[in-house]
Q: 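Take a look at this one; I'll ask things after.
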Amino acid sequence: MTDQPNDWSPEVAELAHRKAVAAEMGGPENIERQHAGGKLTIRERIALLLDPGSFQELGSIAGRTIVENGQVVGFTPANFVMGTGEIEARPVVVGGEDFTVRGGAADGGGGEKSRFVERLAEEMTIPLVRLIDGTGGSVRTLEAIGRTYVPGSGGWGAMATLMAKVPVVSAVVGSVAGLPAAKAAAAHWTIMVKDSSQLFVAGPPVVRRGLGEEITKQELGGYQLHARLSGVVDNVAEDEADCMRQIRRFLSYLPANVWQQAPRLHPTDDPERRDEELLSIIPRNRRRPYDPRKLIRHVVDRDSFFEISPGYGKSVVAGLARFDGYTVGLMASNPFHIGGSMDAAASEKVMRFVDFCDTFHLPIVNFVDQPGFMVGKAAEAQGTLRAGVRAIFAIEQSTVPWLPIIVHKAYGVAGGAHGRRAGSGLRYAWPSGEWGSLPIEGGVAAAFRREIEAAPDPQARMEEIEERLNRLRSPFLTAEAFGIEEIIDPRETRPLICRWVNTVQGQLATRLGVRSVIGMRP
């Protein structure tokens with residue numbers, strides 16, 4: 001028997017041919033249809049997201065081949081592209097549906113790849129980015145397999161474990177329904193593209209058949225609904241290039257996993273900077289609002305604030321920022337929306353944000369101007385109390401350091417939930433700070449109701465009582481009794497926070513991986 005030459009060139013050529021065919025995705029016609037809809041292909045998205053040349057594809061020739069006489073005469077690639085790559089030289093796992101093949105449907109051959117990519121991110125303990133442009137199962141599957149089937153678990157246990165270990169990002173970049181829609185919500189941060197993406201449990205045809213409701217895709221699951229009303233989506237991108245830029249920026253604030261601390265960027269802003277504008281940012285007229293984002297810009301490292309969920313729970317501003325190059329989670333009350341009161345949506349936003357910061361060991365700075373829980377029939381019907389208490393529990397159960405700075409109001413139960421009280425309970429206040437169980441104006445009407453009603457001039461008596469109590473409003477009286485740890489010049493806020501953030505890094509290092517069993521609930 002003659003030995004064959006040790007030459008695998010035919011197989012290597014076949015491999016190259018299959019990879020080339022797979023790279024063509026669903027073919028020129030389907031790619032053109034994707035572009036005509038204002039969308040990129042999955043490979044174009046990955047190229048925008050990752051550092052150039054860093055993508056290492058896995059499962060590149062997975063798919064269905066048609067073989068005749070021992071020769072491959074046709075090939076349909078699996079409709080999911082995945083692999084590893086780098087963002088700012090830091091490794092990530094990325095994967096997404098290829099809508100040009102079977103519309104990204106879950107039964108289009110990419111199911112196993114989509115599950116593998118989640119396991120890979122967990123094993124490698126690096127972030128996962130999902131680029132979601134697909135739908136769930138299809139009734140076409142029934143004819144293909146000749147039977148029905150009981151739905152599986154969807155891998156939810158694995159996804160919950162993953163979210164307890166590494167950052168997970170979901171980008172909704174098309175019309176997404178079914179299991180991929182649920183995966184969109186199973187993330188630490190979810191973003192969608194303004195006009196070319198929609199997100200729903202089931203699309204308009206199913207809604208029309210089941211409920212008799214005529215509705216468009218944008219009305220059913222567009223960004224206006226999910227970023228402003230439902231809160232399912234955190235941020236919105238103008239286009240897909242903006243979407244990839246935002247993903248890169250979001251991940252830059254985070255560690256690769258819960259066993260690491262967030263990376264420190266080289267500081268480019270003076271930690272001792274004292275902006276004079278902070279002296280006048282809180283109006284003396286207690287009924288006048290102010291812009292909390294302007295306050296934030298004056299104290300964080302220049303241009304470092306990345307806001308999360310700006311359209312949902314709008315009485316709270318939340319996001320990531322840097323002080324002296326270190327990442328912090330930052331919250332601030334927003335008096336421009338319902339006076340900054342805590343309603344159900346704001347409470348849910350706080351709960352998720354605190355869980356998120358605690359998962360990745362991000363210390364929290366809270367600029368407090370809290371008049372209390374929102375009142376009224378609508379607030380009661382929305383379950384504000386339960387949502388608010390859940391937020392309070394999230395705060396108290398967190399393990400990261402907190403730095404509350406009371407810049408104006410802190411009233412009632414919600415006002416008291418300005419930081420975790422375990423440990424020292426360190427708090428600072430500005431001279432504009434005020435606090436109590438109720439604001440004096442509303443509290444007088446309740447506490448002195450009988451006296452006011454019995455007076456010859458009820459309005460004059462109420463104003464007299466308010467004036468008497470207003471003499472006790474000064475925060476200096478509270479400080480004299482050590483009811484607040486320190487009152488500071490507003491201009492000292494940035495230097496103080498920069499020093500604090502540097503100090504707590506050692507404390508954070510002792511907490512790495514502590515929440516890895518629990519993690520963040522979506």
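All values below come from the heavy atoms of this structure, side chains included, with hydrogens, waters and symmetry mates left out.
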Q: Does Arg297 make a cation-pi contact with Phe305 (under 6.0 Å, within 45 degrees of the axis)?
A: no
Q: Which heavy atom in Ala202 sits nearest to a heavy atom in Val207, and how many Å separate them?
A: O-CG2, 3.8 Å
Q: Quick check against the 3.5 Å criterion: does Thr359 have a side-chain atom that pairs as donor or acceptor with the backbone of Asp355?
A: yes
Q: Is it the case that the side chain of Ser315 and the backbone of Ser341 share a donor-acceptor pair, with hydrogens and angles ignored and the cut-off at 3.5 Å?
A: yes
Q: Donor-acceptor check, side chain of Ser398 to backbone of Val400, threshold 3.5 angstrom: yes or no?
A: no
Q: Would Glu238 and Lys194 pass as an ion pair if we require N to O under 4.0 Å?
A: yes
Q: Salt bridge check: are Glu277 and Lys294 linked by an N-O gap of less than 4.0 Å?
A: no
Q: Could Asp489 and Arg274 be called an ion pair, given the rule that one side-chain N must be under 4.0 Å from one carboxylate O?
A: no
Q: Donor-acceptor pair, distance only, cut-off 3.5 Å: does the side chain of His361 make one with the backbone of Val258?
A: yes
Q: State, yes or no, whether a side-chain contact exists between Met124 and Thr84 at a heavy-atom distance under 4.5 Å.
A: yes
Q: Side chains of Arg286 and Ser432: donor-acceptor distance under 3.5 Å anywhere?
A: no
Q: For Phe80, is there any backbone N or O sitting under 3.5 Å from a side-chain donor or acceptor partner on Lys113?
A: yes
Q: Please tell me if the side chains of Phe323 and Leu330 come closer than 4.5 Å, counting only heavy atoms from C-beta onward.
A: yes
Q: Which is it for Arg322 and Thr268 under the side chain to side chain donor-acceptor pair (under 3.5 Å) test, yes or no, and what are the steps along the way?
A: CA-CA 11 Å; Arg322 292 188 177 93; Thr268 58; over 6 Å; no
Q: Classify the side-chain pair Thr478/Trp435 by whether it contains a donor and acceptor separated by less than 3.5 Å.
A: yes
Q: Can you find a heavy atom in the side chain of Leu128 that is under 4.5 Å from one in the side chain of Leu162?
A: yes
Q: Work out which heavy atom in Leu220 is nearest to a heavy atom in Gly203; give both atom names and the distance.
A: CD2-C, 3.8 Å
Q: Would you give the length of the straight line joining atom CE of Met342 to atom CG of Leu385, rounded to the nearest 0.5 angstrom?
A: 11.5 Å
Q: Kindly say whether Ala379 contributes a backbone atom to a donor-acceptor pair with the side chain of Thr384 at under 3.5 angstrom?
A: yes
Q: Just by distance, no angles: are the side chains of Glu348 and Tyr312 close enough, under 3.5 Å, to form a donor-acceptor pair?
A: yes
Q: With heavy-atom distances below 4.5 Å as the criterion, would you say the side chains of Phe360 and Gln261 are in contact?
A: no
Q: Would you say the side chain of Pro127 lies within less than 4.5 Å of the side chain of Arg90, judging by non-hydrogen atoms?
A: no
Q: Is the closest basic N to carboxylate O distance between Arg499 and Glu272 below 4.0 Å?
A: yes
Q: May I ask you to decide if Asp324's main-chain N or O and Arg264's side chain share a donor-acceptor pair within less than 3.5 Å?
A: yes
Q: I'd like to check Ile126 versus Val166 (side-chain heavy atoms, cut-off strictly below 4.5 Å). Are they in contact?
A: no
Q: Before accepting this row, confirm whether a basic side-chain N of the pair Glu112/Arg115 lies closer than 4.0 Å to the acidic partner's carboxylate O.
A: yes
Q: Does the side chain of Lys349 come under 3.5 Å of the side chain of Ser309 through a donor N or O and an acceptor N or O?
A: no
Q: Which residue, Asp270, Asp269, Asp275, forms the salt bridge (Lys or Arg N to Asp or Glu O under 4.0 Å) with Arg494?
A: Asp269
Q: So among Ile497, Leu295, Val299, which one has a side chain to side chain contact (heavy atoms under 4.5 Å, CB included) with Ile405?
A: Ile497
Q: Short question: side chain of Asn334, backbone of Lys314 - any donor-acceptor pair under 3.5 Å?
A: yes
Q: State whether the number of non-hydrogen atoms from other residues, nucleotides or ligands found under 6.0 Å of Arg119 atom CZ is greater than 12.
A: yes
Q: Would you check if there is a donor-acceptor pair between the side chains of Thr399 and Asp358 at a distance under 3.5 Å?
A: yes
Q: Is there a donor-acceptor pair under 3.5 Å between the side chain of Tyr253 and the backbone N or O of Pro263?
A: no
Q: Are Leu199 and Val233 side-chain neighbours, meaning at least one heavy-atom pair lies under 4.5 Å?
A: yes
Q: Within the structure provided, determine whether Trp259 and Thr125 are in side-chain contact (heavy-atom separation under 4.5 Å).
A: yes
Q: Work out which heavy atom in Gln246 is nearest to a heavy atom in Val236; give both atom names and the distance.
A: NE2-O, 3.3 Å
Q: When you check the side-chain N and O atoms of Tyr411 and Glu434, is any donor under 3.5 Å from an acceptor?
A: yes
Q: Where does the angle between the aromatic ring planes of Phe353 and Phe356 fall among parallel (under 30°), tilted (30 to 60°) and perpendicular (over 60°)?
A: tilted
Q: If every non-hydrogen atom of Ile392 is compared with every non-hydrogen atom of Ala417, which pair is closest and at what distance?
A: CG1-CB, 3.6 Å
Q: Do Arg130 side-chain atoms and Glu118 backbone N/O form a donor-acceptor pair below 3.5 Å?
A: no
Q: Indicate whether the side chain of Trp189 and that of Asn235 have a donor and an acceptor atom separated by less than 3.5 Å.
A: yes
Q: Minimum heavy-atom separation for Pro431 and Pro475, please, with both atom names.
A: O-CG, 3.4 Å
Q: We want to know whether Tyr326 and Asp301 form a side-chain donor-acceptor pair, criterion being a heavy-atom distance below 3.5 angstrom.
A: no
